[in-house]
S.K.: 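Structure provided below as structure tokens; questions to follow.
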Amino acid sequence: MSRYYVTTAINYPNGAPHIGHAYEAVATDWLARFARLDGRDVRFLTGTDEHGLKIAQAARAAGLTPRAYVDGMVARFVAMADALAISRDRFIRTTDPDHARACQALWQRMADAGDLYLDRYAGWYSVRDEAFYAEEETTVLADGTRVGPTGTPVAWVEEESWFFRLSRFTRPLLDLYARQPDFVQPASRLNEMRAFVERGLKDLSVSRTSFDWGIPVPGSPGHVMYVWVDALANYLTGAGFPEPGCARWWPADLHVIGKDVVRFHAVYWPAFLMSAGLPLPARVFGHGFILNRGEKMSKSAGNVVEPVALAARYGVDPFRYFLLRAIAFGQDGEWSHEAIAARLNADLANDLGNLAQRTLAMIAKAGGRVPARGEGGEAEARLLAQADALPAACREAHAAVRPDLALDAIFAVVAATNLYLSERAPWSLRKSDPAAADTVLWHAAEVIRRVAILLQPAMPERMARLLDFLAVPAECRDFGFLDRALEGGTALPPPAGLFPRVEPDQPERVTSQTV
RNA sequence: GGCGGGGUAGCUCAGUUGGUGAGAGCGCAGGAUUCAUAACCCUGAGGUCGCGGGUUCAAAUCCCGCCCCCGCUACCA
């Protein structure tokens with residue numbers, strides 16, 4: 001079966017994880033779980049990007065060594081991954097020993113290709129932005145402070161630096177975009193990248209001598225790698241590069257990233273790989289941001305929210321569901337307690353939870369065994385036809401990196417099943433035609449089984465419980481078993497509510513200040 | 001400034017190459033029902049389809065102008 005290597009961006013642990021980190025992690029987890037259930041050989045990588053000047057400074061401010069500082073922060077990212085049921089195969093840290101080896105091997109390949117050269121870099125540098133600015137991009141404030149375009153202070157910095165011949169790759173990158181238009185998605189992002197590259201690329205400074213919290217440049221004492229070489233290489237490390245066996249996983253099938261880092265993944269990363277003579281990832285998908293009432297979260301706005309607290313408040317699976325369903329993947333979306341509660345009540349409690357409850361309760365009352373299938377009529381055929389169409393629709397959504405569309409399709413079938421029950425009214429048939437009532441309940445239960453299987457990537461724990469209620473053996477829950485219909489007569493455990501309604505009010509605040 | 005994407009019911013959005021009375025979900029109102037988590041099912045409420053022109057038998061859908069929002073424009077999820 002085909003293999004599927006999928007990654008999130010690695011997170012910079014200079015602050016606590018927030019809902020944006022959770023969003024990317026959950027979406028990528030959905031992709032990975034879906035592929036596993038679909039029988040593919042999956043590797044799912046996520047982790048943290050721990051080097052750089054900002055970390056070194058934060059550590060010093062905290063009176064810690066950089067290593068001690070990141071150890072403390074990274075623990076919070078790992079805790080978030082645990083709390084959100086992120087099924088990663090590895091949590092990579094750029095401070096891991098094998099990552100240094102991978103980076104240096106990548107560097108050596110780029111050097112061997114003649115794409116690295118030593119020069120001097122001089123310019124106005126913003127520590128906060130980790131960016132150099134051209135003189136005309138800076139302005140001098142009334143108090144004499146020179147600031148960059150983002151308003152952060154800049155200082156004149158001149159240092160020796162290794163440069164990467166990015167300029168050489170203008171043409172190859174444009175060819176890549178032309179040959180493989182789905183390399184960057186959504187398509188609007190590809191257009192932006194093309195426009196960016198068409199303006200021409202300048203060589204890129206890829207080492208620093210001004211600090212040492214980074215991966216040493218091989219054979220060049222005093223130089224550490226510029227953070228993006230270091231960070232991007234994590235995807236190779238996660239595949240086992242430079243060991244020979246890394247061909248099993250590399251190239252990656254998909255990098256899931258935020259729209260703010262599309263350029264690094266769509267321009268620098270393929271250029272590095274081309275230089276190194278390594279195959280390119282198949283696709284890069286830049287998702288949107290989750291805004292709180294239209295605003296990006298920031299500590300100063302006081303709207304930083306701990307995703308772990310939200311998961312605790314609403315339940316891990318419901319919170320995951322909200323993230324996956326409420327936002328068209330690729331676009332920005334908004335969240336609020338009101339929006340979460342409305343979504344969970346409408347979809348999970350009213351539609352899916354109630355469907356499961358009414359069906360299982362009727363079955364329990366009728367003897368607690370899977371009813372006999374019997375002879376279905378037109379209504380049954382119609383219902384099953386809709387359920388039959390679901391796997392293909394979900395696979396299509398998965399291929400398009402659109403979990404929201406997969407959930408749309410699944411919940412349309414949930415709604416159809418509620419309607420089916422209303423029309424067939426098995427509670428009435430029970431008195432007039434018990435066999436017909438059984439047939440109706442069997443069909444409802446069977447559709448619920450398929451829905452539950454397909455919803456596992458979004459809500460692994462709750463769907464496991466639902467499948468338990470249907471007595472579906474644990475080993476019969478991957479997509480290969482979608483066609484193995486429920487067998488009449490199977491004893492079922494007593495059902496219980498899966499998705500209680502949640503109150504839209506929020507008695508306790510789940511926001512919290514972070515470091 | 002340049003390039004790109006948008007402005008459609010209270011909210012979030014669908015609306016292929018212009019054409020049966022402008023749609024979905026949520027929210028709201030009424031009804032029906034009682035198997036079920038005050039849930040499910042039915043019905044409805046009417047939005048100048050950003051503004052102004054134009055093309056056409058016919059435009060939300062094409063053209064022109066204008067207003068507003070957003071993204072990218074060399075390094076923050």
Side-chain angles (χ1 to χ4, degrees), chain A residues 8-15 17-25 49 52 54 126 128-134 137 150 152 166 186-206 226-228 257-264 267-268 286-290 294 296-298 325-328 331-334 338-339 342-343 345-366 408 411-412 414-415 417-430 437 440-441 444 495-502:
Chain A
T8 69
I10 48 177
N11 300 308
Y12 204 62
N14 64 340
H18 58 240
I19 197 168
H21 296 112
Y23 179 52
E24 183 172 306
D49 172 19
K54 272 194 288 194
S126 162
R128 192 106 52 89
D129 300 347
E130 279 190 14
F132 277 96
Y133 294 111
E137 289 181 286
T150 57
T152 58
L166 183 62
S188 57
R189 299 288 161 200
L190 177 71
N191 293 335
E192 291 175 358
M193 290 306 105
R194 185 186 289 116
F196 173 73
V197 174
E198 278 172 349
R199 273 189 287 269
L201 296 168
K202 291 200 305 190
D203 289 350
L204 192 68
S205 167
V206 289
Y226 168 58
V227 64
W228 277 104
I257 59 171
K259 64 183 184 179
D260 54 335
V261 291
V262 168
R263 191 200 305 144
F264 309 109
V267 179
Y268 301 166
H287 65 252
F289 290 140
I290 293 201
K296 191 169 170 175
M297 277 186 295
S298 73
R325 178 80 197 277
I327 298 130
Q331 304 188 333
D332 287 349
E334 291 200 38
E338 295 79 4
R343 178 59 82 179
N345 284 334
D347 296 354
L348 298 184
N350 296 353
D351 288 353
L352 176 58
N354 185 48
L355 171 65
Q357 184 68 11
R358 66 197 303 206
T359 303
L360 292 169
M362 282 187 272
I363 290 174
K365 242 182 265 183
D408 277 348
F411 275 79
V414 170
T417 311
N418 270 319
L419 179 56
Y420 165 76
L421 283 180
S422 292
E423 286 173 350
R424 301 287 286 139
W427 50 91
S428 300
L429 288 175
R430 179 60 60 200
V440 172
L441 292 178
L498 271 180
F499 295 107
R501 292 179 64 83
V502 300

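Chain letters run A, B, ... following the sequence lines, proteins first, then strands; residues in each count from 1. Note: hydrogens, waters and symmetry copies are ignored here, and every other heavy atom, side chains too, is used.
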S.K.: For A/F499, which residues count as a ring pair (Phe, Tyr, Trp, His ring centres under 6.0 Å) partner, sequence neighbours excluded?
M.R.: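 Applying ring pair (Phe, Tyr, Trp, His ring centres under 6.0 Å) to A/F499 gives none.
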
S.K.: Would you kindly give the CZ-to-C1' distance between A/R325 and B/C13, to the nearest whole Å?
M.R.: 12 Å

S.K.: Return the 5'-most residue of the pair A/Y268, A/P500 with respect to RNA chain B, ranking by each residue's nearest nucleotide.
M.R.: A/P500

S.K.: Between A/D332 and A/F289 (side chain of the first, backbone of the second, donor and acceptor by atom type, cut-off under 3.5 Å), is there such a pair?
M.R.: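 Confirmed, A/D332 side chain pairs with A/F289 backbone.
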
S.K.: Starting at CZ of A/F289 and ending at P of B/G71, how long is that distance when rounded to a whole Å?
M.R.: 10 Å

S.K.: Between B/U61 and B/U8, how far apart are the two P atoms, rounded to whole Å?
M.R.: 14 Å

S.K.: Taking the P atom in each of B/G53 and B/A60, what is the distance between them to the nearest angstrom?
M.R.: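 Rounded to whole Å, the distance is 14 Å.
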
S.K.: How many Å lie between CD1 on A/I363 and P on B/A36, as a whole number?
M.R.: 13 Å

S.K.: Select from A/K259 and A/D332 the residue whose nearest nucleotide in RNA chain B is closer to the 5' end of that strand.
M.R.: A/D332

S.K.: Determine the Euclidean distance between corresponding C1' atoms of B/C49 and B/A24; express it in Å to zero decimal places.
M.R.: 15 Å

S.K.: Using a 4.0 Å heavy-atom cut-off, does A/G288 contact any base of the nucleic acid, only the sugar-phosphate backbone, or nothing at all?
M.R.: nothing

S.K.: Is there a Watson-Crick or G-U wobble partner for B/A24 with both distances under 3.5 Å, and if so, which one is it?
M.R.: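 B/U12 is the nucleotide pairing with B/A24.
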
S.K.: For a quick check of understanding: with a heavy-atom distance under 4.0 Å over all strands, which category does A/R343 fall into, base, sugar-phosphate or nothing?
M.R.: nothing

S.K.: Please enumerate all residues that pass side-chain hydrogen bond (donor to acceptor under 3.5 Å, both in side chains) together with A/N11, with sequence neighbours excluded.
M.R.: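 Listed in chain order: nothing, the list is empty.
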
S.K.: Protein-nucleotides 2-5 of chain B N/O pairs closer than 3.5 Å?
M.R.:
none

S.K.: Looking at CE of A/M362 and CG of A/L360, how far apart are the two atoms once the value is rounded to the nearest 0.5 Å?
M.R.: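 So the CE of A/M362 and the CG of A/L360 are separated by 9.5 Å.
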
S.K.: Quick test: give all pairs of protein nitrogen or oxygen and nucleotides 40-45 of chain B nitrogen or oxygen below 3.5 Å, distance rounded to 0.1 Å.
M.R.:
{"from": "B/C40", "atom 1": "O4'", "to": "A/N354", "atom 2": "ND2", "distance (Å)": "3.4"}
{"from": "B/C40", "atom 1": "O2'", "to": "A/R358", "atom 2": "NH1", "distance (Å)": "2.8"}
{"from": "B/C40", "atom 1": "O2'", "to": "A/S422", "atom 2": "OG", "distance (Å)": "3.4"}
{"from": "B/C41", "atom 1": "O4'", "to": "A/S422", "atom 2": "OG", "distance (Å)": "3.1"}

S.K.: Quantified in whole Å, what is the C1' atom distance between nucleotide B/C64 and nucleotide B/A59?
M.R.: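 Result for the C1' pair: 15 Å, nearest Å.
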
S.K.: Rounding to the closest angstrom, what is the interatomic distance between B/G10 and B/G46 at atom C1'?
M.R.: 13 Å

S.K.: Any base atoms under 4.0 Å from A/E24, or only sugar-phosphate, or nothing? Heavy atoms, all strands.
M.R.: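 It contacts sugar-phosphate atoms only.
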
S.K.: So how far is it from A/R358 CZ to A/L441 CG, rounded to the nearest 0.5 Å?
M.R.: 10.5 Å

S.K.: Name the closest nucleotide to the A/R501 side chain, picking from B/C13, B/A39, B/A74.
M.R.: B/A39

S.K.: Using a cut-off of 4.0 Å on non-hydrogen atoms, how would the nucleic acid contact of A/I257 be classed: base, sugar-phosphate, or nothing?
M.R.: nothing

S.K.: Give a yes or no on whether the backbone of A/I257 and the side-chain of A/H287 come within a donor-acceptor separation of less than 3.5 Å.
M.R.: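 Here the side-chain-to-backbone pair exists.
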
S.K.: Any side-chain N or O of A/K365 under 4.0 Å from OP1/OP2 of B/A36?
M.R.: yes

S.K.: In whole Å, I'd like the distance from the CG atom of A/N345 to the P atom of B/C28.
M.R.: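 Computing the A/N345:CG to B/C28:P distance gives 11 Å.
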
S.K.: If you check every side-chain atom of A/Q331, which of B/G71, B/C13, B/C35 has the closest atom?
M.R.: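 The closest nucleotide is B/C13.
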
S.K.: Using whole Å, report how far CH2 of A/W427 lies from P of B/C35.
M.R.: 8 Å

S.K.: For A/E334 and B/C13, give me the distance from atom CD to atom P, rounded to whole Å.
M.R.: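 Answer to the nearest Å: 8 Å.
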
S.K.: Scan A/Y23 against the nucleic acid and name what it touches under 4.0 Å (heavy atoms): base, sugar-phosphate only, or nothing.
M.R.: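 No contact at all - A/Y23 keeps every heavy atom at 4.0 Å or more from the nucleic acid.
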
S.K.: Pick the C1' atom in B/C41 and in B/U33, then give their distance to the nearest Å.
M.R.: 8 Å

S.K.: Write down the distance between CG (A/L352) and P (B/A39), rounded to a whole number of angstrom.
M.R.: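 That distance rounds to 16 Å.
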
S.K.: C1' atom, B/A45 versus B/C26: distance in rounded Å?
M.R.: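 Their C1' atoms lie roughly 15 Å apart.
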
S.K.: Give, for atom CG of A/N350 and atom CG of A/N418, the distance between the pair rounded to the nearest 0.5 Å.
M.R.: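 Going from the CG atom of A/N350 to the CG atom of A/N418 covers 9.5 Å.
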
S.K.: Which base, if any, makes a Watson-Crick or G-U wobble pair with B/C72, both distances under 3.5 Å?
M.R.: B/G2

S.K.: Check the pair A/R325, A/D408 against side-chain contact (heavy atoms from CB on, under 4.5 Å), reporting the backbone distance first and the verdict last.
M.R.: CA-CA 8 Å; A/R325 178 80 197 277; A/D408 277 348; 2.7 Å; yes

S.K.: Once you apply a heavy-atom cut-off of 4.0 Å, does A/L360 come out as touching a base, just sugar-phosphate, or nothing?
M.R.: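 No contact.
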
S.K.: Give every residue pair that meets the side-chain hydrogen bond (donor to acceptor under 3.5 Å, both in side chains) criterion with at least one member in residues 188-197 of chain A, sequence neighbours excluded.
M.R.: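 Matches after skipping sequence neighbours: A/R189-A/E192, A/N191-A/R194.
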
S.K.: Identify, with sequence neighbours excluded, every residue that meets ring pair (Phe, Tyr, Trp, His ring centres under 6.0 Å) alongside A/Y268.
M.R.: A/F264

S.K.: For the side chain of A/K202, counting heavy atoms from C-beta on, which of B/A74, B/A36, B/G71 is nearest?
M.R.: B/A74

S.K.: For B/U61, what is the paired nucleotide under Watson-Crick or G-U wobble rules, both distances under 3.5 Å?
M.R.: none

S.K.: Distance between the P atoms of B/C42 and B/C3, in whole angstroms?
M.R.: 50 Å

S.K.: Out of curiosity, A/L421 CG to A/T359 OG1, how far, rounded to the nearest 0.5 Å?
M.R.: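 Here the rounded value is 4.5 Å.
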
S.K.: Nearest whole angstrom, please: distance from the C1' of B/G25 to the CG of A/D408.
M.R.: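 To the nearest whole Å, that distance equals 9 Å.
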
S.K.: For A/V502, does its backbone N or O pair with a side-chain atom of A/N345 as donor and acceptor, under 3.5 Å?
M.R.: yes

